[in-house]
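These notes are about the structure you will find just below.
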Amino acid sequence: MLTKSLTKLNSGESCRIQKINAGMNATRRLYEMGLNTGSNIKVVKNDIGPVIVSIYGNKIAVGRGLAEKIIVGD
Amino acid sequence: MNTIALVGNPNSGKTTLFNALTGSNQRVGNWPGVTVEKKEGNIKYKGQIYTIIDLPGTYSLGSFSEDEIVARDFILKGNPDVVINVIDATNIERNLYLTTQLLEMGAKIVIALNMIDEANAKKIEIDVNALSKKIGAPVVPTIASKKKGIEDLVSKAVELIHKNADFKAHISYGENIDREIENIKTVLKDANLDYPADWVAVKALEGDQYILKKLEEDHDLKVSNLLKNLKDKIGDFELEIIDKRYEFINNITNEAVKFPEEYIETVSDKIDKVITHKILGLPIFALIMFIVFELTFAIGQDFLGGYVGTAIEILGSAVENLLISLNAPDWLISFFIEGIIGGIGTVLEFVPLIVVLYMLMGILEDSGYMARAAYIMDNIMRALGLQGKTFISMIIGFGCNVPGVMSTRTLDNKKDRMIAILINPFMSCGARIPIYLLFISAFFPDHGGLVLFSLYFLGIVIALLIAKIFSKTLFKGESSYFIMELPPYRFPTVENVLRNMWDNVSEFLVRAGTTIFIVVAILWVLAMLPVGVEPYSQSSILGKIGTFIAPIFAPAGYGTWQAAVGLFSGIAAKEAVVAILGMVYAGVEEGTALVTAIQSAFTPLSAVSFMVMTLLYTPCAATLSVIKKETGSTKWTLFSALYSFAIAWLMSVIVYQVGNAIGLG
């Protein structure tokens, strides 16, 4: 998988966070919630509204605008 | 006395643990950030009493929000003898992030490895001994909801109080950062700081605004030179420090925790497929809210309400007989029966209903549904220039606007927060229910749930419309990003739900006993003066005040002095409205007399118009004071009081005039 935005993934797909292109505050909060570069995450739901991702079953909803700035890959 | 502080992530079961430890009153929520205040309780262990301080649930101890600053300041400056760090065992890596920060502070910690049963069910294997060794602190597995491991936890915590131990973890942040930390420490050696120098060094490199500001206030030349140097470097270091903390955590978990190969889908995941469904989500949310109000009405009003009413009548006649047998003067009998028992009693009749509403709200919060509601609403909220979390503060406002306004603290952008505060009073709080119920039983006895639901719905619509207008005019700019944990669904514990309900209901009762009592007493006096006047008549002082205001409300269909007096008293406390209406309309005989009086004074249309007015108009004194506290601005507090009155009046007039025009009058 080439790197792409988190919002491009389908529900059920797994990926690894490569880069976060958001502002410092948002990036920091993502990191603190366990969504830092290198984390393995699974897309639980991506249709309308925030994207829900899971880290070992722990679910976090990320607003679409922010999810677009999360770059993921294999 | 020794103090024990309790820290942990939101949803880690920290509040449940606090309840299990102390058995004291405490509000429990399943969405991040309900615990905004410091709560205390006492425990007794081996004859000694210890104070337990429940710190706000946070993911980190930075200066991101007020909650984080409160928590870390208490740990560093409040000198707790020991800190219990509650960790959600099912989500150990993320939870250990907070732990590393506690270790950076050098806090003496005991780890409560909570929800260990859920971790087992998920096949997450945790080697408690290895974990304890790696972290360098005692680890006690607990199941707070079943009160398991509590005693062991307390004994470990107490043991630690009397032990001198070094808890400082030596986390390496990489060569560059470590060198910078040493540099800063040297500079800060003589500076007069409230915090440990090495901790300040890490925080400064992380770009912690609060700490940087503290350093700026230090006028030492060396420190200001240091700051100048730091400014360019912080950007690079900030995320690296967080990464290094995770590296430290991975180092721990690699040895102590084994995750299952395949993730096992839980019941929660299955429920979420339906609850958060893109098409079903919204109707399910509406249905849940509708059921909440129907149940509130059915159980609270129809079933339980009558008993309280009867009890008050019995009490009233007992007191009356007693006073007559004591040869009390007429005016005193009137004061007790009409003023006190009549006034407060009218309010007390609605207690069962409020009990039911708060219990249902507590169940929604504890079950984890509130976070989903925020998720579902994020789309709609975003279209209005807001974000999903704002909706949670609105739902909390349904209980009472005071905690509703306070809960906006979880919004980290000023624009979101100001709008959320200003629209919160449109959420119909528990205190307004008695007013609706009075008018419902007078005019729409068969459609109570529907009327109630419509009013709540109107409140939401108006709030959202106003939010949209504000975000285009008064508060421009981007709405903040949305990140929110969706905790697993849990069965709410009876204890937590009852405790949460009692916290709120007792506050309602205290208000009924104080503010409402005072308002009722003052208005009773005004209704009796000048001496010799017919009590509660238009020629009393109260009647004259009402008569003076009344014309404003004429276009809305209730330009009577009685209605005006009722609305006027509602600014002190909404609960007072019904009590006052009881005084001025019925001279307070029995509950049914008031309903009859309302039936002859209002029409169904003007009743609706009046309910719309009470739904939307000026927030009560308690809410205004919390708005003042949270915005720190008298100007915005006044604005809140006035603009909501204007909108309420306008809507009320529209309802009445349009209703008349299309022949509903």
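All of these numbers come straight from a predicted model, not from anything done at the bench. Lettering of chains follows the sequences in order, A, B, ..., and the numbering in each one begins at 1.
The distance from atom CD1 of Ile52(A) to atom CZ of Arg372(B), rounded to the nearest 0.5 Å, is 7.5 Å. One distance of note links CD1 of Ile60(A) with CG of Asn91(B); it measures 7.5 Å at 0.5 Å rounding. For the atom pair CG (Asp243(B)) and OG1 (Thr37(A)), the distance works out to 4.5 Å, reported to the nearest 0.5 Å. Atom CG of Asn25(A) is separated from atom CD of Gln209(B) by 8.5 Å, given to the nearest 0.5 angstrom. Here the straight-line distance linking atom CZ of Phe259(B) with atom CG of Asn40(A) works out to 11.5 Å at 0.5 Å rounding.
By number of non-hydrogen pairs under 4.5 angstrom with chain B, the leading residue of Asn36(A), Ile20(A), Leu30(A), Leu66(A) is Asn36(A). Highest contact tally toward chain A, considering only Asn379(B), Thr90(B), Leu486(B), is held by Leu486(B) [criterion: heavy-atom pairs under 4.5 Å]. Comparing Pro50(A), Ser54(A), Gly49(A) by heavy-atom pairs within less than 4.5 Å of chain B, the highest count is held by Pro50(A).
Proximity to chain A (any heavy atom under 4.5 Å) is shown, for Asp88(B), by neither the backbone nor the side chain. Contacts of Thr276(B) with chain A are made by both backbone and side-chain atoms, with heavy-atom separations under 4.5 Å. Neither the backbone nor the side chain of Lys273(B) has a heavy atom closer than 4.5 Å to any heavy atom of chain A.
Contacts with chain A (heavy atom to heavy atom, under 4.5 Å) involve no residue of residues 250-258 of chain B.
Annotation for Met484(B) and Met33(A): closest pair C-CE, 4.4 Å, computed over non-hydrogen atoms. Of all heavy-atom pairs spanning Ala61(A) and Tyr375(B), the tightest one is CB-CD1, 3.9 Å. Across all their heavy atoms, Ala26(A) and Ile483(B) have their closest contact at O-CD1, 4.1 Å. Annotation for Tyr31(A) and Tyr246(B): closest pair O-OH, 2.8 Å, computed over non-hydrogen atoms. Between Ser60(B) and Arg29(A) the shortest heavy-atom distance is CB-NH2, 4.3 Å. The two residues Glu32(A) and Glu68(B) have their closest heavy-atom pair at OE1-OE2, 4.4 Å.
Between Tyr481(B) and Lys69(A), the side chains place no donor N or O within less than 3.5 Å of an acceptor N or O (distance only, hydrogens not considered).
Electrostatic pairing of Lys59(A) and Asp269(B) counts as a salt bridge here, judged by a charged N lying under 4.0 Å from a carboxylate O. A salt bridge does not link Lys42(A) to Glu265(B): none of the charged nitrogens lies less than 4.0 Å from a carboxylate oxygen.
Applying the salt bridge (charged side-chain N to carboxylate O under 4.0 Å, His left out) criterion to Lys203(B), with sequence neighbours excluded, gives Glu206(B).
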